2 protein chains.
Amino acid sequence: MQILSERSKKILYAVIQSYINYPDPVGSRVVTKRYSFGLSPATVRNIMADLEEMGFLTQPHTSAGRVPTDLAYRFYVDSLVKQGDPNANIEVEIFQGLYKRLEMLKNDIELLLSEATRSLSLLSHYLGVAMSPTPDMTTLKKITLLKYSEDKVAVVLFTDEGFIKNKIVAIDPNISQKDLNRIATYLNSEFSGCSFHEIRMGLVQEMKREKTECDFLISRAMRICKEALCFPLNELFVSGLPEVLDLPDFTDLKTIRQLSKALEDKHNIIKILDKMSESEGVQVVIGSENERDEMKKLSLVASPCKENDRPIGVVGIIGPTRMNYAKAIYIVENTAKFISRLVTEK
Amino acid sequence: MQILSERSKKILYAVIQSYINYPDPVGSRVVTKRYSFGLSPATVRNIMADLEEMGFLTQPHTSAGRVPTDLAYRFYVDSLVKQGDPNANIEVEIFQGLYKRLEMLKNDIELLLSEATRSLSLLSHYLGVAMSPTPDMTTLKKITLLKYSEDKVAVVLFTDEGFIKNKIVAIDPNISQKDLNRIATYLNSEFSGCSFHEIRMGLVQEMKREKTECDFLISRAMRICKEALCFPLNELFVSGLPEVLDLPDFTDLKTIRQLSKALEDKHNIIKILDKMSESEGVQVVIGSENERDEMKKLSLVASPCKENDRPIGVVGIIGPTRMNYAKAIYIVENTAKFISRLVTEK
DNA sequence: TATTAGCACTTAGCAATTGAGAGTGCTAAC
DNA sequence: GTTAGCACTCTCAATTGCTAAGTGCTAATA
């Protein structure tokens, strides 16, 4: 499969390029016309037949041109990532205009990420997505407890990354604000600087110990802390649905329905982005590489953002498999870098 | 216009009912068949022609049946609200099943509202929406300041309604956490118990005074407070896009695009819901009564939720103008009441 | 031996035609 | 005031024929 002659490769790329720019199946004639190899349509035809046999192309019907498969896109993207993108000649002014807006929000990462999705979708004409980091990856800076009513307490978790998560937890009415302050002090001394993952682990241990030693206050502290952490508090932002519905890829009602189902299932998208954020740099998931059926006609380009080495979120683009990958990668890469730079510079 | 004979009214309602249940233009034959008045199609035809002249009905084309106008829906809805809904025979079990889920979230209003949108969309098969109250309507319980870095401070605002809003604000690096604590104490003594609106007003006054008296700390306090309040921190939740795309009203690509534009403009929806939340009970906005073009084919049914007399959010349904208003009103009313009850019972 | 020209074949997409079905408005009779 | 009857209008779906695009195969060519 990897034994593609240089010529076959060039023709494959030509087909992909053409299809990305113009959503019609690509015929042998078009290839010879638009990209001047010194070859006749007949020869190209033979090569394309070979490429089809190898699984890189398919034809929608007998007498249509051919269309790249997800395998072809993967091949193409991998080569792109290796050699960098040659034709990333996107207007720099547009970038700068949009980024200027983001710059004003640099203090508030959550807002920054949510606004970044707009820039991403405007730049790419696909869906812009962004996500705050998995709580398990973030580290606790401080915890604050405020008695809300008889039996409710607000737990506010400040992370070192700049995220603020809060949750309201039910408590024993006997606990006073003073008790809560002491509990908070205890929790801070115990857990600040720890990742949420570590805290979760620590809780399990403490709770075992607690059974024997049995300090009333500590027991309360643990219970509150556990409840506050029990939910995955990941935040996901998406925008650009109108943009994407203007694409010729989403004119079919069935496809649109699928798209809407994919977007409604935020949990799934979070899961995918989480996985992608574990690696360095821009990641690409193409169509059928996705597990869920609703995503099998969608591609995802995403990159983590970092403050120094600490993950502070993921930004990305969701679009049809017939995506301008070079452009998408370029946009995502730049946006991720820009955000990283924004939050890193003191 | 209000001088509709009892018979005309009945026929108008019959047309509306039929069209709501079955998305085809209603002809005179159908009316006589499905709803047994003692009348022949010809007579009904005459009456329907009159109703069309009065602006209650239109025909999509010469030889189709007739379709209610927004005016007709308004007429119908007004009569519904007056007399209560007669045929609200929705399975109570479904309600209870969904509501049981919500009950677990009663401590966290924000989460409660966001989950309520799922119930609303599952019950109605339209879009479920929910919104936290306008900050201006909420009252400050407490303000907390935490120094985040050299030049950033996290401002956490706890409202009496149970909402926690936070914002990160840039500050002079010279200000220490100790200073911040004093500032927070000052702000709490000054503003806790006040509505955000009052605080905003108070700030203006204080800042005038400050110019002459010039206490350094107070001046800082005011600036931080102002910046924290400068954004409208309204939260909007929407779900059910896949549900609504299964309706025959949204099979047309143009309509779907319009819908997606309407949803992308959250600001506008917030504005509409804000206005609706000012009145008591369930409100209905029908199609062309909306200002924005993207909303002119959508109807909105919404109701505020209250804890005793204090507004804690709005829940509602967005759907096509051809909406089952009786059912929608019933669902929204019950959900609003349920949530109100949940958060009110201590 | 690799490439190419030529040709028969397949298929989607478009436009025009047709007939059925549904619903209307109007008129005259009840 | 109500109704039956009828001519008229319009949509919708099916059918047909045609064109354009593209293919695979074979035989000729460099």
Side-chain angles (χ1 to χ4, degrees), chain A residues 3-12 14-16 18-19 21-69 248-249 251-254, chain B residues 3-12 14-16 18-19 21-69 72 248-249 251-253:
Chain A
I3 342 158
L4 271 184
S5 75
E6 206 52 41
R7 198 177 60 176
S8 306
K9 234 193 257 183
K10 267 193 188 149
I11 287 180
L12 179 57
V15 173
I16 295 174
S18 168
Y19 189 58
N21 293 324
Y22 197 71
D24 290 327
V26 186
S28 52
R29 256 183 73 83
V30 174
V31 172
T32 54
K33 283 235 162 175
R34 256 207 275 261
Y35 307 83
S36 52
F37 310 100
L39 295 175
S40 80
T43 315
V44 172
R45 217 140 55 216
N46 285 325
I47 300 173
M48 283 170 78
D50 292 346
L51 287 169
E52 177 161 10
E53 218 168 298
M54 288 188 266
F56 288 112
L57 299 176
T58 31
Q59 13 188 4
H61 54 84
T62 328
S63 95
R66 288 179 166 94
V67 162
T69 61
D249 309 78
T251 45
D252 175 38
L253 189 57
K254 217 179 123 194
Chain B
I3 341 156
L4 272 185
S5 74
E6 207 52 40
R7 198 178 60 177
S8 307
K9 235 192 256 183
K10 267 190 186 152
I11 287 180
L12 178 57
V15 173
I16 295 174
S18 168
Y19 189 57
N21 293 324
Y22 197 70
D24 290 327
V26 187
S28 51
R29 257 184 70 86
V30 174
V31 172
T32 55
K33 282 234 164 178
R34 256 207 275 260
Y35 308 83
S36 52
F37 310 99
L39 293 174
S40 79
T43 314
V44 171
R45 217 140 54 218
N46 284 326
I47 299 172
M48 283 169 78
D50 292 346
L51 286 170
E52 176 162 11
E53 217 167 301
M54 286 188 268
F56 289 113
L57 299 176
T58 32
Q59 11 188 4
H61 54 86
T62 331
S63 97
R66 285 178 167 97
V67 161
T69 61
D249 308 78
T251 46
D252 175 39
L253 188 58

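Order of the sequence lines fixes the chain letters, A, B, ..., with proteins taken first and strands second; residue numbering starts at 1 for each chain. Just the heavy atoms: all of them, side chains too, but no hydrogens, waters or symmetry mates, feed the values below. This structure is a prediction, so every number in the text was calculated from the model and none was measured.
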request  = To the nearest Å, give me how far apart CD1 (B:Ile11) and P (D:dG1) are.
outcome  = 15 Å
task = Specify the separation, in whole Å, of atom CZ of A:Arg34 and atom P of D:dG22.
result = 10 Å
message = Looking at every non-hydrogen atom in both residues, tell me the closest pair between A:Val15 and A:Met48 and how far apart they are.
response = CG2-CE, 4.3 Å
Indicate every side-chain donor-acceptor pair of residues 51-60 of chain A with a distance under 3.5 Å to a residue at least two apart or in another chain.
residue, atom, partner, partner atom, Å
A:Glu52, OE1, A:Arg66, NE, 2.7
A:Glu52, OE1, A:Arg66, NH2, 2.9

ask   = OP1, OP2 of C:dT4 versus side-chain N and O of A:Thr43: anything below 4.0 Å?
value = yes
inquiry  = Counting C-beta onward and ignoring hydrogens, is there a side-chain heavy-atom pair between A:Asp50 and A:Ser8 closer than 4.5 Å?
reply    = no
ask   = When you check every protein heavy atom under 4.0 Å of nucleotides 10-30 of chain C, what one-letter string (B, S, -) results, 5' to 3'?
value = BBS---------BBBB-----
request  = Test side chain to side chain contact (heavy atoms under 4.5 Å, CB included) on B:Asp24 and B:Val30 and set out the steps.
outcome  = CA-CA 11 Å; B:Asp24 290 327; B:Val30 174; over 6 Å; no
ask   = Can you find a pair of side-chain heavy atoms, one from A:Arg34 and one from A:Val26, that are under 4.5 Å apart?
value = no
